[in-house]
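Contents: one structure, followed by commentary.
Small disclaimer: the values here were computed from a predicted structure and weren't measured. Reckoned from all heavy atoms, side chains included, excluding hydrogens, waters and symmetry mates. For ligands, and for the atoms within them, numbers begin at 1 and follow the listed sequence.
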Amino acid sequence: MIVDIKNTTRKLCVIGDPVLHSKSPLIQNAMIRALGLDLVYLCQPVKRGEGAQWLTAARVCGYAGFNATMPFKEELLPLMDEVEPFARQCGAVNTVSIRDGKYYGANTDGPGFLQDLEKFGLSLQGLHTVVLGAGGASKAVCLALAEKGAKVTVCNRTVKKAEELCKLAPESMTPEEFTINKLCKLSGEAGLVVNCTSLGMAGTAGEFEDLSFVDALPSGAAVYDLIYAPAETALLRRSRERGLAVSNGLGMLVWQGVLALERFVGGPVDRERAHAAALEALGEG
Ligand code: NAP
């Protein structure tokens, strides 16, 4: 992608270890271009343990902000001057904007997920939702759903991690085992299933051993898989074939980027335009 760089152009980037696989530069530069902003978005490898040094470097080098992926989301949080409430609740920041030498932390994963979920037209208040997995992405998804009044059951292979996560909003979340019997039982009254595990992701060995819980879902249920590579996981295929509403995680990825860009520029942007430009750059437009 060709980007215009002027003497006034402010820098943005994504940091991580590893980070070279990140789609954020493609997404953000497409949005920046579509919106005519004087910004450029780079890919910046930062070594594990060097997050604090990077913060100073970013400020000194005049960065307007950056996104953080593994393993920096948690370690950056205490280093922020201000943190948005949702990021504080998650214990993780994925977006840092730098203004007047101060660091402002946000987490756009949860809001990005909710924004994309709107396409299902579900009423989340009281909706029985089964979330698979209890890692970092699950935490953002579960807290976002709980904030909207959903009743969330968190099923995880390591039940202890699900129990820890549910302590963050015990009135809305219940921990459970990740077993096929349990999933089949819970599916009977679920309006939404969200896969936040890495099962089904390209390049990983893991696949769901048994997808029969999909058959137990009510006909009006929706299935959201955070994975977007492959575009259609086995879970989504089985759910689509059953006639359920389905989505992969590409929309969430793009929306969290749109919401991050709003933090970087310090105000609202033309969201639909930015979203469309990013999808087009990803070959999905
Ligand atoms: P993570 O913190 O490493 O969590 C991975 C989760 O998957 C854990 O709950 C883990 O269970 C579970 N898991 C892994 N292998 C499993 C197996 N064989 N059987 C059952 N459960 C298994 O990862 P993350 O950052 O939360 O990311 C999770 C997924 O979401 C990834 O595929 C990632 O690409 C995707 N994601 C998408 C977006 C988006 O914008 N669309 C954003 C963030 C993440 P244990 O706790 O038992 O290990």
Side-chain angles (χ1 to χ4, degrees), residues 14 16-19 21-24 26-28 48 67-75 86-87 90-95 106-117 119 130-145 152-166 168 173 175-183 193-211 213 223-236 246-261 275 278-279 282 284:
V14 56
D17 181 12
V19 72
H21 63 282
S22 175
K23 289 192 189 297
S24 291
L26 181 66
I27 291 171
Q28 292 286 348
R48 185 179 284 269
N67 289 116
T69 181
M70 278 219 332
F72 294 107
K73 290 184 179 186
E74 287 84 14
E75 98 179 46
F86 185 76
C90 283
V93 300
N94 75 338
T95 302
N107 187 315
T108 62
D109 280 340
F113 167 73
L114 285 182
Q115 184 77 42
D116 199 40
L117 204 61
K119 64 193 172 197
V130 178
V131 174
L132 312 176
S138 171
K139 194 190 276 188
V141 163
C142 289
L143 287 171
L145 286 167
V152 184
T153 306
V154 185
C155 299
N156 198 45
R157 179 178 60 177
T158 312
V159 184
K160 189 97 194 108
K161 272 172 72 180
E163 288 169 355
E164 285 304 312
L165 199 164
C166 292
L168 297 173
M173 297 187 203
E176 274 297 354
E177 298 166 335
F178 185 86
T179 61
I180 190 61
N181 284 345
K182 192 56 78 179
L183 292 184
V193 173
V194 186
N195 178 35
C196 299
T197 73
S198 38
L199 288 174
M201 190 162 80
T204 62
E207 282 291 344
F208 283 89
E209 280 173 21
D210 190 336
L211 283 168
F213 64 93
V223 177
Y224 194 103
D225 198 330
L226 260 64
I227 292 168
Y228 48 84
E232 186 175 66
T233 57
L235 169 64
L236 291 184
V246 294
S247 176
N248 68 19
L250 199 67
M252 170 180 171
L253 179 78
V254 171
W255 278 120
Q256 64 82 20
V258 174
L259 300 176
L261 187 58
H275 190 260
L279 281 182
L282 288 163
E284 299 282 330

*Charged N to carboxylate O below 4.0 Å: is that the case for K182 and E177?*
no
*asked:* Can you pull out every salt bridge (Lys or Arg N to Asp or Glu O under 4.0 Å) where at least one residue sits in residues 224-235? Sequence neighbours excluded, please.
replied: E232-R240
*Let me see the working for L145 and F113 under side chain to side chain contact (heavy atoms under 4.5 Å, CB included), right down to the final yes or no.*
CA-CA 9 Å; L145 286 167; F113 167 73; 3.9 Å; yes
Can you give me a line-by-line list of nitrogen or oxygen pairs between ligand 1 and the protein shorter than 3.5 Å?
{"residue": "ligand 1", "atom": "2 (O)", "partner": "G136", "partner atom": "N", "Å": "3.2"}
{"residue": "ligand 1", "atom": "7 (O)", "partner": "S198", "partner atom": "N", "Å": "3.4"}
{"residue": "ligand 1", "atom": "9 (O)", "partner": "A134", "partner atom": "N", "Å": "2.9"}
{"residue": "ligand 1", "atom": "9 (O)", "partner": "N156", "partner atom": "OD1", "Å": "2.7"}
{"residue": "ligand 1", "atom": "11 (O)", "partner": "N156", "partner atom": "OD1", "Å": "3.3"}
{"residue": "ligand 1", "atom": "18 (N)", "partner": "R157", "partner atom": "NH1", "Å": "3.3"}
{"residue": "ligand 1", "atom": "26 (O)", "partner": "G136", "partner atom": "N", "Å": "3.2"}
{"residue": "ligand 1", "atom": "26 (O)", "partner": "A137", "partner atom": "N", "Å": "2.9"}
{"residue": "ligand 1", "atom": "40 (O)", "partner": "L253", "partner atom": "N", "Å": "3.4"}
{"residue": "ligand 1", "atom": "41 (N)", "partner": "L226", "partner atom": "O", "Å": "2.9"}
{"residue": "ligand 1", "atom": "41 (N)", "partner": "G249", "partner atom": "O", "Å": "2.9"}
{"residue": "ligand 1", "atom": "46 (O)", "partner": "N156", "partner atom": "ND2", "Å": "2.9"}
{"residue": "ligand 1", "atom": "46 (O)", "partner": "K161", "partner atom": "NZ", "Å": "2.8"}
{"residue": "ligand 1", "atom": "47 (O)", "partner": "R157", "partner atom": "NE", "Å": "3.1"}
{"residue": "ligand 1", "atom": "47 (O)", "partner": "T158", "partner atom": "N", "Å": "3.0"}
{"residue": "ligand 1", "atom": "47 (O)", "partner": "T158", "partner atom": "OG1", "Å": "2.5"}
{"residue": "ligand 1", "atom": "48 (O)", "partner": "R157", "partner atom": "NH2", "Å": "2.8"}

*N/O donor-acceptor pair under 3.5 Å between D109 side chain and A140 backbone*: no
*Who are the side-chain contact (heavy atoms from CB on, under 4.5 Å) partners of T69, not counting sequence neighbours?*
V14, V19
_Please enumerate all residues that pass side-chain contact (heavy atoms from CB on, under 4.5 Å) together with T95, with sequence neighbours excluded._
N67, A106, T108, A260, R263, F264
